[in-house]
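Okay, structure first, notes after.
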Amino acid sequence: LPTSHHLYQGFWYITRHLNGVLSAQHHFKAQDSDIFLLSQPKSGTTWLKAILLALLNRSRYSEPDRQLLLDHPLLQKNPHDLVLHLETRLYVEGTNPDLSSFTSPRLFATHIPFVSLPESVKESKCKLVYMCRNPKDTFVSLWHFTREMSPNDIGTNTLEEAFDMFCRGFSMFGPHWDHVLGYYKASLEMPHKVLFLKYEEMKDKPSEQLKRLADFLGCPFSREEEADGRVDEIIRLCSFNNLSKLEVNQTGKLLTGHENKSFFRKGEVGDWVNYLTPEMVERIDRITEEKFGDLGLKF
Ligand code: A3P
């Protein structure tokens, strides 16, 4: 393996991300009102960022007032520039950023596995929302994404090589299955603190999942809001079609240098059929069954 990859507390990191994790562990102090968005890369992080932003700010932007909706930050910026990742944007390279300008509830994202979260995140009453996606689609999405990244990142391999590595646990913030399990178990043990969402369920029954999320965060939709179509409005605002077509997401870049459009590829469930051979499917399904089967976690 390249020397720029590190195994820390059971998970793989490139040097830059590991520095961010260590510095977040050292400096970050959670507040009870904080909300964390957690995921494995390519599980729907961008989408969940948009949904959380729209949900929490819904009283400020509404559809009947077109101008207000057009002013919505989600229509001007990529969600990654609105909800910052601890390890890749805030605590990069050992820094200790000033977070005093963040208003409550503070919204953060991270790919840090449960075991490595800063202690204050586990100890405070802050809420954690985990987005997870079926391992086959996550892998295919990751493969496309990492091919576009620099050689220093995990990404210059053929599909077969990348698949073998993914299955052996070697992927950004991987092993994939251990990452999911950490949060899944936490959600079973602390349902008031950790909400476990699935990309596939969000696609299949978005309004049900959105209401579940709102209830969990203590900001349920009122009857009037539901009657006014606010749930559907948020789903539409955050949909793949809507966000991916925005000028900012077609041509803009993140401060990290990633192109905004690289976070919007197909946005579908089951694209893996176009990439994985029957042998690959058998292998990855077997791992998923071995890791998740006992806990009844299925995709
Ligand atoms: P695909 O590569 O399968 O299309 P992340 O945000 O965690 O990096 O995940 C990116 C994946 O989520 C990509 O999957 C991307 O297309 C998909 N995605 C981005 N925005 C989405 C949205 N609004 N609705 C559904 N999927 C979305």
Side-chain angles (χ1 to χ4, degrees), residues 17 36-55 72-75 77-89 107-113 129-149 153-155 159 162-163 166 171-174 176 179-180 183 196-207 209-210 213 232-246 248-250 252-254 256-276 284 299:
H17 293 169
F36 272 86
L37 188 172
L38 309 116
S39 61
Q40 266 274 284
K42 315 328 288 175
S43 299
T45 320
T46 317
W47 188 18
L48 186 56
K49 282 183 176 180
I51 288 173
L52 280 169
L53 281 164
L55 185 67
H72 200 294
L74 274 176
L75 302 180
K77 287 193 172 180
N78 180 286
H80 288 285
D81 275 332
L82 295 164
V83 185
L84 303 182
H85 276 250
L86 283 193
E87 71 285 10
T88 56
R89 289 288 289 280
L107 192 53
F108 301 107
T110 180
H111 296 310
I112 300 178
V129 181
Y130 189 76
M131 180 73 134
C132 137
R133 187 180 192 187
N134 88 65
K136 296 192 284 274
D137 281 340
T138 308
F139 164 72
V140 169
S141 183
L142 182 66
W143 183 67
H144 281 282
F145 184 77
T146 50
R147 279 200 312 168
E148 294 166 14
M149 299 199 320
D153 290 334
I154 307 174
L159 179 82
F163 181 79
F166 187 82
S171 58
M172 277 197 293
F173 302 89
H176 171 81
H179 197 280
V180 175
Y183 285 101
F196 192 86
L197 297 173
K198 287 184 182 163
Y199 182 97
E200 292 76 19
E201 289 179 353
M202 193 66 104
K203 273 269 178 196
D204 191 32
K205 293 191 174 144
S207 54
Q209 295 302 311
L210 189 57
L213 179 59
D232 293 337
E233 179 192 313
I234 291 177
I235 292 166
R236 244 190 341 270
L237 176 71
C238 300
S239 70
F240 182 87
N241 268 344
N242 192 44
L243 293 188
S244 62
K245 286 195 185 118
L246 297 175
V248 63
N249 288 329
Q250 297 211 341
K253 274 193 176 185
L254 294 184
T256 53
H258 287 106
E259 291 193 70
N260 289 352
K261 66 171 188 283
S262 63
F263 292 92
F264 301 93
R265 191 182 63 93
K266 275 194 169 176
E268 286 172 7
V269 173
D271 189 38
W272 57 266
V273 294
N274 300 313
Y275 294 91
L276 305 185
I284 195 167
F299 291 92

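Start at 1 and go down the list; that is how both ligands and their atoms are numbered.
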(message) For atom 19 (C) of ligand 1, tell me which residue out of Trp272, Phe263, Trp47, Trp143 has the closest non-hydrogen atom.
(response)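 Among Trp272, Phe263, Trp47, Trp143, the closest heavy atom to atom 19 (C) of ligand 1 comes from Phe263.
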(request) May I ask you to identify, for Ser244, whether its side chain, its backbone, both or neither come under 4.0 Å of ligand 1 on a heavy-atom basis? (result)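 Neither; nothing of Ser244 gets under 4.0 Å from ligand 1.
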(request) For ligand 1, indicate whether the residue Ser141 contacts it via side chain, backbone, both or neither (heavy-atom separation under 4.0 Å). (result)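 Near ligand 1, Ser141 shows its backbone as well as its side chain.
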What residue and atom, counting heavy atoms only, is the protein's closest point to [atom], and at what distance?
| atom | result |
| --- | --- |
| atom 6 (O) of ligand 1 | Thr46 OG1, 2.4 Å |
| atom 8 (O) of ligand 1 | Lys42 NZ, 2.6 Å |
| atom 11 (C) of ligand 1 | Arg133 NH1, 3.8 Å |
| atom 16 (O) of ligand 1 | Arg265 N, 2.9 Å |

Strictly distance-based, threshold 3.5 Å: is any side-chain N or O of [X] a donor or acceptor partner for the main-chain N or O of [Y]?
| X | Y | result |
| --- | --- | --- |
| Arg133 | Gly44 | no |
| Lys266 | Ser141 | no |
| Gln40 | Phe173 | yes |
| Glu87 | His111 | yes |

(request) Please step through ring pair (Phe, Tyr, Trp, His ring centres under 6.0 Å) for the pair Phe139 and His176, ending with a clear verdict. (result) CA-CA 9 Å; Phe139 164 72; His176 171 81; 10.0 Å; no
(message) With a cutoff of 4.0 Å, is Tyr199 in contact with ligand 1, counting heavy atoms of the residue only?
(response)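 Tyr199 counts as a contact of ligand 1 under the 4.0 Å cut-off.
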(message) Quiz question: by atom type and distance under 3.5 Å, do the side chains of His85 and Lys49 form a donor-acceptor pair?
(response)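 Checked: His85/Lys49 side chains pair up, N/O donor to acceptor below 3.5 Å.
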(message) Is a donor from one side chain sitting under 3.5 angstrom from an acceptor on the other, for Asn134 and Asp137?
(response)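 Side chains of Asn134 and Asp137: pair found under 3.5 Å.
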[X] to ligand 1: N or O pair under 3.5 Å?
| X | value |
| --- | --- |
| Lys266 | yes |
| His80 | no |
| Phe264 | no |
| Asp137 | no |
| Cys238 | yes |
| Leu243 | no |

(request) Using the side-chain hydrogen bond (donor to acceptor under 3.5 Å, both in side chains) rule, collect all pairs that involve residues 234-244, keeping only residues at least two apart or in two chains. (result)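 Checked against side-chain hydrogen bond (donor to acceptor under 3.5 Å, both in side chains) - neighbours excluded - the pairs reaching residues 234-244 are Glu63-Arg236.
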I'd like to check which ligand 1 atoms, numbered from 1 as shown, lie under 4.0 Å from a non-hydrogen atom of [X].
| X | answer |
| --- | --- |
| Thr45 | 5 (P), 6 (O), 7 (O) |
| Ser239 | 23 (N) |
| Gly44 | 5 (P), 6 (O), 7 (O), 9 (O) |
| Gly267 | 1 (P), 4 (O), 16 (O), 26 (N) |

(request) List the steps and the verdict of side-chain contact (heavy atoms from CB on, under 4.5 Å) for Trp47 and Lys203. (result) CA-CA 11 Å; Trp47 188 18; Lys203 273 269 178 196; 3.8 Å; yes
(message) For Tyr130, give me all partners under side chain to side chain donor-acceptor pair (under 3.5 Å), at least two apart in sequence or on another chain.
(response)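 Here the qualifying residues are His179.
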(request) Work out which heavy atom in Pro41 is nearest to a heavy atom in Leu142; give both atom names and the distance. (result)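 So the minimum-distance heavy-atom pair works out to CB-CD1, 4.4 Å.
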